[in-house]
Novice: 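Please see the structure below; I have some questions.
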Amino acid sequence: QLQLVESGGGLVQPGGSLRLSCAASGFTLDNYAIGWFRQAPGKEREGVSCISSSTNYVDSVKGRFTISRDNAKNTVYLQMNSLKPEDTAVYYCAAEFLITTVQHMCKLKEYEYDYWGQGTQVTVSS
């Protein structure tokens with residue numbers, strides 16, 4: 001069974017850091033683009049970052065968040081630094097199957113992604 005499991009969320013003070021993990025089971029991430037999305041209360045879900053042969057970030061997190069992958073561990077990470085209260089949301093990872101990963105530009109669009117995790121809560125508050 002294909003499954004994505006997020007972890008690493010929690011409560012952090014403004015300016016702090018968290019590292020989210022997205023672990024895949026039932027398939028290998030080598031042929032997938034992975035995206036991180038978030039949904040704050042009362043707001044629509046938005047794309048935060050993604051990784052395939054390249055990386056992509058929403059403007060609001062550029063310079064603060066870094067996405068990376070460890071294929072040996074079948075896991076993608078989202079390192080979040082300089083966190084702000086507006087980063088508070090449930091964070092989801094998602095996987096998009098790729099026929100080829102060569103020169104693929106991942107997109108921050110929900111409809112591109114085939115599999116989703118259950119989410120992990122990130123709360124930034126003093």
Side-chain angles (χ1 to χ4, degrees):
Q1 183 177 359
L2 281 67
Q3 192 174 15
L4 294 169
V5 178
E6 303 95 336
S7 62
L11 173 64
V12 64
Q13 292 187 342
S17 298
L18 284 174
R19 188 178 78 158
L20 304 183
S21 299
C22 173
S25 62
F27 67 106
T28 59
L29 293 178
D30 301 49
N31 292 320
Y32 287 80
I34 301 298
W36 282 99
F37 294 78
R38 66 185 179 187
Q39 188 166 23
K43 295 188 176 181
E44 293 187 353
R45 190 155 55 183
E46 69 166 345
V48 176
S49 181
C50 61
I51 185 168
S52 55
S53 61
S54 61
T55 58
N56 194 6
Y57 299 90
V58 69
D59 286 347
S60 61
V61 308
K62 285 180 179 177
R64 300 189 298 122
F65 290 11
T66 303
I67 192 169
S68 62
R69 67 196 302 162
D70 185 337
N71 286 345
K73 294 184 177 180
N74 218 27
T75 300
V76 170
Y77 304 98
L78 185 68
Q79 178 67 43
M80 306 187 297
N81 299 329
S82 303
L83 283 162
K84 305 175 180 180
E86 51 264 43
D87 294 317
T88 295
V90 177
Y91 283 71
Y92 302 87
C93 67
E96 173 196 1
F97 176 72
L98 302 176
I99 294 174
T100 176
T101 59
V102 175
Q103 295 185 327
H104 180 266
M105 301 292 290
C106 61
K107 300 176 183 64
L108 298 176
K109 301 295 185 183
E110 291 186 54
Y111 60 78
E112 297 279 350
Y113 294 84
D114 307 301
Y115 306 105
W116 290 79
Q118 294 301 305
T120 185
Q121 176 70 48
V122 171
T123 303
V124 184
S125 175
S126 55

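For this chain, numbers begin at 1 and follow the sequence in order. Computed from heavy atoms alone, side chains included, the values below leave out hydrogens, waters and symmetry copies.
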Novice: So how far is it from L4 CG to T75 OG1, rounded to the nearest 0.5 Å?
Specialist: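 It is 10.0 Å, given to the nearest 0.5 Å.
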Novice: Give me the ring orientation class for W116 and F37: parallel if the planes are under 30° apart, tilted from 30 to 60°, perpendicular past 60°.
Specialist: tilted
Novice: Consider only side-chain N and O atoms of N74 and T28, and report whether a donor and an acceptor are under 3.5 Å apart.
Specialist: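 No donor-acceptor contact under 3.5 Å links the two side chains.
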Novice: Could you see if V90 belongs to whatever hydrophobic cluster contains L108? Use Ile, Leu, Val, Met, Phe, Trp, Tyr and a side-chain cutoff under 4.5 Å.
Specialist: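 Cluster IDs for V90 and L108 differ.
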Novice: Could you tell me whether a side-chain N or O of E6 sits under 3.5 Å from a main-chain N or O of G119, the two making a donor and an acceptor?
Specialist: yes
Novice: Hey, are K62 and D59 close enough for a salt bridge, meaning a charged N less than 4.0 Å from a carboxylate O?
Specialist: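 The answer is yes: the pair qualifies as a salt bridge.
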Novice: Tell me whether the count of non-hydrogen atoms from other residues, nucleotides or ligands lying under 6.0 Å of CD in Q39 goes above 12.
Specialist: yes
Novice: Kindly compute the distance separating CG (L83) from CZ (F65), expressed to the nearest 0.5 Å.
Specialist: 5.0 Å
Novice: From D114 CG over to L2 CG, what is the distance, rounded to the nearest 0.5 angstrom?
Specialist: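 Spacing of CG (D114) from CG (L2) equals 9.5 Å.
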Novice: Any chance you could measure T88, atom OG1, to Q121, atom CD, to the nearest 0.5 Å?
Specialist: 7.5 Å
Novice: Just how far is it from atom OG of S52 to atom CD of E96, taken to the nearest 0.5 Å?
Specialist: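 With rounding to 0.5 Å, OG (S52) is 7.5 Å from CD (E96).
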Novice: Identify the two heavy atoms, one from N56 and one from C106, that lie closest to each other, and give their separation to 0.1 Å.
Specialist: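 Scanning both residues, the minimum pair turns out to be ND2-O, 3.4 Å.
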Novice: Under 4.5 Å between any side-chain heavy atoms of K107 and C50, yes or no?
Specialist: no
Novice: State whether the number of non-hydrogen atoms from other residues, nucleotides or ligands found under 6.0 Å of Q103 atom CD is greater than 12.
Specialist: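 No - once you tally the heavy atoms of other residues, nucleotides and ligands closer than 6.0 Å, there are 12 at most.
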Novice: For the hydrophobic clusters of this structure (ILVMFWY residues joined by side-chain heavy atoms under 4.5 Å, transitively), does one cluster hold both I99 and Y115?
Specialist: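 Yes, one cluster joins them.
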Novice: Identify, with sequence neighbours excluded, every residue that meets side-chain hydrogen bond (donor to acceptor under 3.5 Å, both in side chains) alongside R19.
Specialist: none
Novice: Can you tell me how far CG of D30 sits from CG of N71, rounded to the nearest 0.5 angstrom?
Specialist: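 One gets 4.5 Å once the value is rounded to the nearest 0.5 Å.
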Novice: Could you pull out all residues at least two apart from V122 that satisfy side chain to side chain contact (heavy atoms under 4.5 Å, CB included)?
Specialist: L18, L20, M80, Y91, V124
Novice: Can you check whether S49 reaches L78 side chain to side chain, under 4.5 Å on heavy atoms?
Specialist: yes
Novice: Check whether any side-chain N or O of R69 sits under 3.5 Å from a backbone N or O of L29 as a donor-acceptor pair, and report yes or no.
Specialist: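 Answer holds: yes.
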Novice: Grab the two heavy atoms, one from S21 and one from W36, that are nearest each other, plus how far apart they are.
Specialist: O-CH2, 3.6 Å
Novice: Following the transitive rule for hydrophobic clusters with a side-chain heavy-atom cut-off under 4.5 Å over Ile, Leu, Val, Met, Phe, Trp and Tyr, establish whether V76 and Y113 coincide in one cluster.
Specialist: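 They do not share one cluster, since no chain of ILVMFWY contacts under 4.5 Å joins V76 to Y113.
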Novice: Measure across A40 and A89 and return the closest heavy-atom pair with its distance rounded to 0.1 Å.
Specialist: N-CB, 3.8 Å
Novice: Consider only side-chain heavy atoms of I, L, V, M, F, W and Y, link residues closer than 4.5 Å, and tell whether I34 and Y77 are in one cluster.
Specialist: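 No.
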Novice: Do V12 and S17 have side-chain heavy atoms sitting under 4.5 Å apart?
Specialist: no
Novice: Heavy atoms, side chains only, cut-off 4.5 Å: are Y57 and T66 in contact?
Specialist: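 Sidechains of T66 and Y57: in contact.
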Novice: Please confirm whether the ring centroid of F27 lies under 6.0 Å from the ring centroid of F97.
Specialist: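 F27 vs F97: aromatic centres not under 6.0 Å.
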